[in-house]
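Just so we're on the same page: letters track the sequence lines, and every chain starts at 1. Values in this document were obtained by computation on a predicted structure and should not be read as measured data.
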Amino acid sequence: MVLQNLALISVYAVVFLVFSWKREGTESDYIAYLLTGLLFWIPLQELLVRGTGILSDNRSLIKRSNIGPDLFLWIPFVQYLIHSFLTAIPVFFVLLQKGMVSVVSFGIGYLYLVGMGLYLMLLLHYLSRINVLLKDISPLVRLLSSLLFWAVPILYYPSENWKSWNLLNPFTIPLDIFRYVTIPNYEAHFAWSGIWMFFLAFGLVFFLARTKLQKIILDHL
Amino acid sequence: MEPLVLNSISKAYHGFRGPWSRMLCAMSFGYLGVNLRKEALSNISFSANHGEAIGIIGENGAGKSTLLKLIAGVLVPDKGELKIKGNVRALLDLGLGFNPELTAKQNTNYNGMIWGYSKSELESMLPDIFSFSELEGLENTPLKEFSSGMVMRLGFSLAVAQRPDILIVDEALVVGDARFQQKCLSRVSSFLNEGTVLLFVSHDLNLLSHFCKRSILIHKGKILLDSNTRNAIEQYMQVIAGSHENAVQKFKELNEFQISFSKNGLPRGTILRSNEDIELLVQFSPASDWKDLTVGFHIDDARGIRVFGTNTLLLGLEMGTVLQGQKRSLQFRFPLHIGPGKYSIGVAFHKGRAHTEGNYFWGESLFSFEIDSGGKPDSIGLLSIPVEARILD
């Protein structure tokens, strides 16, 4: 998976650096912008897809022990921690060589990615449960993640016209914060106050997924 | 305090009438869309003491597995109180959960952690697990290279590597060959002696009688009887007899058709004893005129091997012609000289000596029954021949 992540980042980097979808910044600004965007999104997308299917995939084990389904949700999270760390090493190495990031920003950036994994886990508690109920929603989740990918300013600079649409995506502001903490002199493109709305919504989803829905899911495992 | 106490436990399963209800349930976090409810258990109360083995018996769908899942913590009760002191281990579907691509050792570690063993416990128990399962030297072999029996042995060895306070067994107590089965039974017996509570669900009433002095009979989600195992099995047989006595079957060749067992004219269930005298009652009404009728029956074992067969002509009984719509009853009386196991009965209506002369109706496996040795098997094999032994000098 790490090699796949790196291959994806390389393909996107080569294609988009060749087409050079940059705005007023220099090319070196765009390299950091693009690589941090891909480093943020690709392991997160993998966590989204794997996490959605984790309860269905392990239903025979869940049915056999009393540890409950929640423990299984931490499996894709731990994989995410490992994969994002291993993916981050060559990406940061390239950016370090070009003098675009510091070692400290690598550490802070990785800790931020851990936090982002936890943020997505709030949603995964719901998605993994309804995946059991609706048999298999993974094709839908893959489609959704592709739409989210293009709705987050990963490869492009947010234009004034698109900014309001980008803000509807729960990962836009987190990505902006990630770039802010990793790229020195990065100027944030969005007002971060909007993230609380998503935090509250994800928290509510997490709570509701673990109450009444949990009981119904156990009947259908 | 008793290690297991259930107080007025009830559990219902929630379902959906269609995909839209299912979708609505998912979108509303379970608050809407649930429009089917099946009561699986109702007002279940009992407790178990240290070292007690309790058999759980009942028909399919009675609620036995739901009860075990509630105690195992896999399901949550809707109502009531469930008090458990100590750790619970459930032996359900031993081969499930193993990944064929991983090695035996990796599977043991992964599954062991799921079962609540710590990493250090697993490290120390590994040699014993592989020694008990007789798979030493195969620790690093991928599971896909194991036979199903080897996988079951590994699963069982892992499950019983450490004594649990409550052991739940659902038909998974006997695995492997006869010698390994003895090891399994011996391990469970030693757990019982050390104070483990055993909850045992099985349709093998011999094995159940062997382990459990006390049994709970569950019928339609309720406890019908909590008594000694002998009483519970007797009551269970009556429950089964009750559910089969009106088992009328429909075929286009027959207006009416029914098979049942009786003994001395009284209805008998489908769990019978070896060497018992039994009456097979065949009631029928043909859909057309059947001339020169012969009625036969045959008994097949679970593998489909014909154990016995006969007919009225061979027995010297003339049936003559049976007219369309005419109701006839026929009784075959015979001793069941067959060994413990599962069997089925087929019935044939034909002309003359054999169905090759003119077949009216031929039905295989129309009626199933089980032979139970009564807890004291005195022989092995397909036949149960009454043998007397005497010391002559």
**Prompt:** In terms of heavy-atom contacts, does CZ of Phe85(A) have more than 12 from other residues, nucleotides or ligands at under 6.0 Å?
**Reply:**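 For Phe85(A), atom CZ is not crowded (no more than 12 foreign heavy atoms under 6.0 Å).
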
**Request:** Flag the pair Lys11(B) and Asp219(A) as a salt bridge only when some basic side-chain nitrogen lies within less than 4.0 angstrom of an acidic carboxylate oxygen.
**Result:**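 Yes, Lys11(B) and Asp219(A) are salt-bridged.
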
**Prompt:** Side chain, backbone, both or neither: which part of Ile62(A) has a non-hydrogen atom closer than 4.5 Å to chain B?
**Reply:** backbone

**Asked** Which answer fits Leu204(A), side chain, backbone, both or neither, if we ask what part of it has an atom under 4.5 Å from a heavy atom of chain B?
**Response** neither

Using every non-hydrogen atom in the two residues, find where [X] and [Y] come nearest and quote the distance to one decimal.
| X | Y | value |
| --- | --- | --- |
| Arg22(B) | Leu133(A) | NH1-O, 2.7 Å |
| Ile216(A) | Cys25(B) | CD1-SG, 4.0 Å |
| Lys212(A) | Phe29(B) | CB-O, 4.0 Å |

**Residue, of Ala26(B), Ala40(B), Gly73(B), Gly15(B), that accumulates the most heavy atom pairs under 4.5 Å with chain A** =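 Most heavy-atom pairs within the cutoff with chain A belong to Ala26(B).
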
[X] versus chain A, the contacting section by heavy-atom distance below 4.5 Å:
| X | value |
| --- | --- |
| Ala12(B) | backbone |
| Ala72(B) | backbone |
| Asn87(B) | neither |

Rounded to the nearest 0.5 Å, what separation is found between the [atom1] atom of [X] and the [atom2] atom of [Y]?
| X | Y | atom1 | atom2 | value |
| --- | --- | --- | --- | --- |
| Lys69(B) | Leu218(A) | NZ | CG | 10.5 Å |
| Lys215(A) | Leu75(B) | NZ | CG | 10.5 Å |
| His14(B) | Ile217(A) | NE2 | CD1 | 12.0 Å |

